[in-house]
Amino acid sequence: VNTEKLQLKEQVKQSLDRLVSQNYVARNGDTYAFLTDDEQDITREIRNVQIDSAQMVQYIGQVIFNDLYPTKKYRYGKTDFAFDRFTDETLIGNACGGIRLRFMTGLYDVIGGEQELIRKSAANREGIVVLSEETPFLEEIESALKIRKYVKQRNVLQLAEPIQNIIRGKQHLAAEYEAQAKKNLEGAIGNGRCYVDGSRYTMRGNGLREKLDGVLGTLVCSVYSKLSYIGKNYETEAETEALLNERQLSLNDVSPNRRAMDEVEGWLKNKDYQNLTVTVSDVQKRYAGIPYGWRETDIAAVLIELMLEQKISFRSAGVLLRQDDKRLPGALLHKGEMEKTVVERREAIPDSLMRAARDGLREWLNVMDVPADEDGLIAYLRKKAEEKQEECKRLLEREYAAGAYPQKQVIERYLELLGEVLLAKSDGVALLRAFQKALDELLDAEEDAEVIRSFFKTQREAFDGAENRLEELSGESEY
């Protein structure tokens, strides 16, 4: 009996479908309704509307990427990854040139089958989801698009009221088709086959978003294989700039970004061997891309750490940017300045020059505590030379300007010597060499300057008194 009922039901369905194809009956899901003559005419006209595959693909893409999975950037850890969105071969939205997420609708045959999908997913660095054929959606989408296109082609408000009512009913039917298609699309995606960066992938998760997040997460890990080299993220520019307040890093210090630092240093070394100029912008572009995917603030932090280790230096408009230079944060973090800031690999200063400079500073300044590291020593020499320079200027402008005191030429020569040394202050090695070249004269000048300081401190008053007395005596000698 049950078998007879099933056979009868199938015969009735086939008969009704025949009437549907002849425009005597309309079907919405499992519901059939006989049509009036006007309804039959409009249904026939709608059925004759042409919808091509490209329109179907575009519509499917809009539903998937605007409604079902509207994410435009996938966050992995602390990093947001933009991705190109495709339906079959149609790009949805703007291209970003990174990874891709593609949905294959079944409207186009894939020559080569599964092996071609595996190859394509690897070649284009993408995740491909082949929509399941077990959940039909194309018929509802085509029907909805035909109704929408038909309505646009008619001046509905100029039609008779009964015709307007029929068309409004068709519009409601289109909305139902669209809702059912959206639901079916979600099922077709969730039950579809997936390929990620050259491998078959099984989607897991409770909902569609979780499943597609898994696809993109796996894709990011595969494509951005050196993302993990960044062990510590810097969330803001302020956090990155705070690194500039750090003291020199010891080679024994283990930075959480050590692998990233080694990677960048090795690349800079190759560029140096090739005599190629590298800007901060070049570094940013390289390490933001595949296979790195590092963030701008993290790349800047890696460069700062390399500078603190005295592996690299920065130069803008030919001027060396020191660690305390207020222009340095902008040079590393602001796009306009990045392009003008050159990254230079530093060669270690010879130990013999470092030792000689330290010994010379101790003798010249009569101190024992002198920085042992390159940057510290150079900064210390620069600071002390500038202080001595200012002292000489003050002596000439204040003390010697007040009278004809002895040894003025000593201070003038001392000032000249310091100026010659500080001409090289923008280049650390050149500064140390200039200091060594002038050291003997500097020692003599400092020894004489100490006598002069003592003179102005303890003997100036007696000198002025003696000079005044001489003037008085010279006046009396005229009588």
Side-chain angles (χ1 to χ4, degrees), residues 49-74 81-149 174 177-203 205 207-209 211-220 222-223 290:
V49 171
Q50 297 299 309
I51 300 294
D52 60 33
S53 296
Q55 291 173 287
M56 297 273 287
V57 169
Q58 185 70 31
Y59 178 84
I60 292 169
Q62 295 295 336
V63 172
I64 292 175
F65 291 114
N66 288 348
D67 299 330
L68 297 178
Y69 194 66
T71 302
K72 293 184 178 180
K73 290 185 177 181
Y74 173 73
F81 291 94
F83 57 93
D84 293 338
R85 304 176 299 166
F86 279 87
T87 310
D88 290 330
E89 298 301 320
T90 299
L91 175 67
I92 306 299
N94 299 322
C96 64
I99 55 176
R100 297 178 177 182
L101 179 60
R102 186 189 303 271
F103 294 90
M104 305 297 291
T105 65
L107 284 166
Y108 299 99
D109 292 331
V110 178
I111 299 174
E114 184 171 68
Q115 288 304 312
E116 173 59 18
L117 292 173
I118 290 173
R119 185 203 66 78
K120 190 172 185 176
S121 70
N124 297 328
R125 299 184 295 266
E126 60 185 76
I128 299 176
V129 179
V130 180
L131 275 58
S132 172
E133 297 178 357
E134 296 177 3
T135 310
F137 54 87
L138 293 175
E139 184 178 343
E140 284 86 354
I141 291 174
E142 184 178 24
S143 298
L145 288 176
K146 285 187 172 187
I147 293 172
R148 298 299 187 196
K149 187 173 181 179
Y177 283 147
E178 288 165 348
Q180 186 61 46
K182 180 178 175 180
K183 181 179 179 182
N184 290 350
L185 264 176
E186 185 172 1
I189 294 170
N191 295 322
R193 304 192 317 276
C194 186
Y195 306 88
V196 176
D197 196 30
S199 300
R200 179 76 181 265
Y201 174 78
T202 301
M203 290 189 287
L208 182 65
R209 177 178 291 275
K211 288 181 178 180
L212 294 179
D213 280 350
V215 172
L216 287 174
T218 303
L219 183 61
V220 166
S222 179
V223 172
I290 296 169

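For the atom pair CD of Q180 and CD of E139, the computed distance is 11.0 Å after rounding to the nearest 0.5 Å. Considering CZ of F83 and NZ of K73, their distance stands at 11.0 Å, rounded to 0.5 Å. The CE atom of M104 lies 5.0 Å from the CG atom of D88; values are rounded to the nearest 0.5 Å. In this structure, the separation between CD1 on I99 and CG on L219 is 4.5 Å, given to the nearest 0.5 Å. In this structure, the separation between CD on E142 and NZ on K146 is 4.5 Å, given to the nearest 0.5 Å. To the nearest 0.5 Å, the span separating SG on C194 from CG on L117 amounts to 10.5 Å.
In this structure the side chain of M56 never reaches within 4.5 angstrom of the side chain of T105, judged on heavy atoms. Under the 4.5 Å side-chain criterion, counting only non-hydrogen atoms from C-beta, R209 is in contact with P70. The side-chain heavy atoms of V57 and F103, taken from C-beta on, include no pair separated by under 4.5 Å. Within the 4.5 Å cutoff, no side-chain heavy atoms of E140 are placed close to those of K182. Side-chain atoms of T71 and L216, non-hydrogen and from C-beta on, never get closer than 4.5 Å to each other. Residues Y195 and E114 meet the side-chain proximity criterion, which asks for heavy atoms closer than 4.5 Å. Between V215 and Y74, every side-chain heavy-atom pair lies at or beyond the 4.5 Å cut-off. Counting heavy atoms from C-beta on, the side chains of Q58 and I92 come closer than 4.5 Å.
Among all heavy-atom pairs drawn from Y59 and I141, the shortest one is CD2-CG2, 3.4 Å. Closest non-hydrogen pair, A144 versus A174, comes out as CB-O, 3.8 Å. The two residues Q50 and Q55 make their nearest non-hydrogen contact at O-OE1, 4.1 Å. The minimum heavy-atom distance between S199 and S121, with the atom names listed, is N-OG, 4.2 Å.
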*For V129 and M203, what are the C-alpha separation, side-chain angles and deciding distance, and is it a side-chain contact (heavy atoms from CB on, under 4.5 Å)?*
CA-CA 9 Å; V129 179; M203 290 189 287; 4.2 Å; yes
*Step by step, work out the side-chain contact (heavy atoms from CB on, under 4.5 Å) result for T218 and D197.*
CA-CA 9 Å; T218 303; D197 196 30; over 6 Å; no
*Hey, mind stepping through I60 and F137 against side-chain contact (heavy atoms from CB on, under 4.5 Å) and telling me if it holds?*
CA-CA 10 Å; I60 292 169; F137 54 87; 3.9 Å; yes
*Would you check, one step at a time, whether the test side-chain contact (heavy atoms from CB on, under 4.5 Å) holds for Y69 with D213?*
CA-CA 9 Å; Y69 194 66; D213 280 350; 2.5 Å; yes
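Within 6.0 Å of CD in E133 there are 12 or fewer heavy atoms belonging to other residues, nucleotides or ligands. Within 6.0 Å of NZ on K183 lie no more than 12 heavy atoms contributed by other residues, nucleotides or ligands. At most 12 non-hydrogen atoms from other residues, nucleotides or ligands lie less than 6.0 angstrom from CG of N94.
With hydrogens and angles disregarded, a donor-acceptor distance shorter than 3.5 Å links the side chain of N184 to the backbone of P136.
Donor-acceptor pairing under 3.5 Å is lacking for the side chains of N191 and S132.
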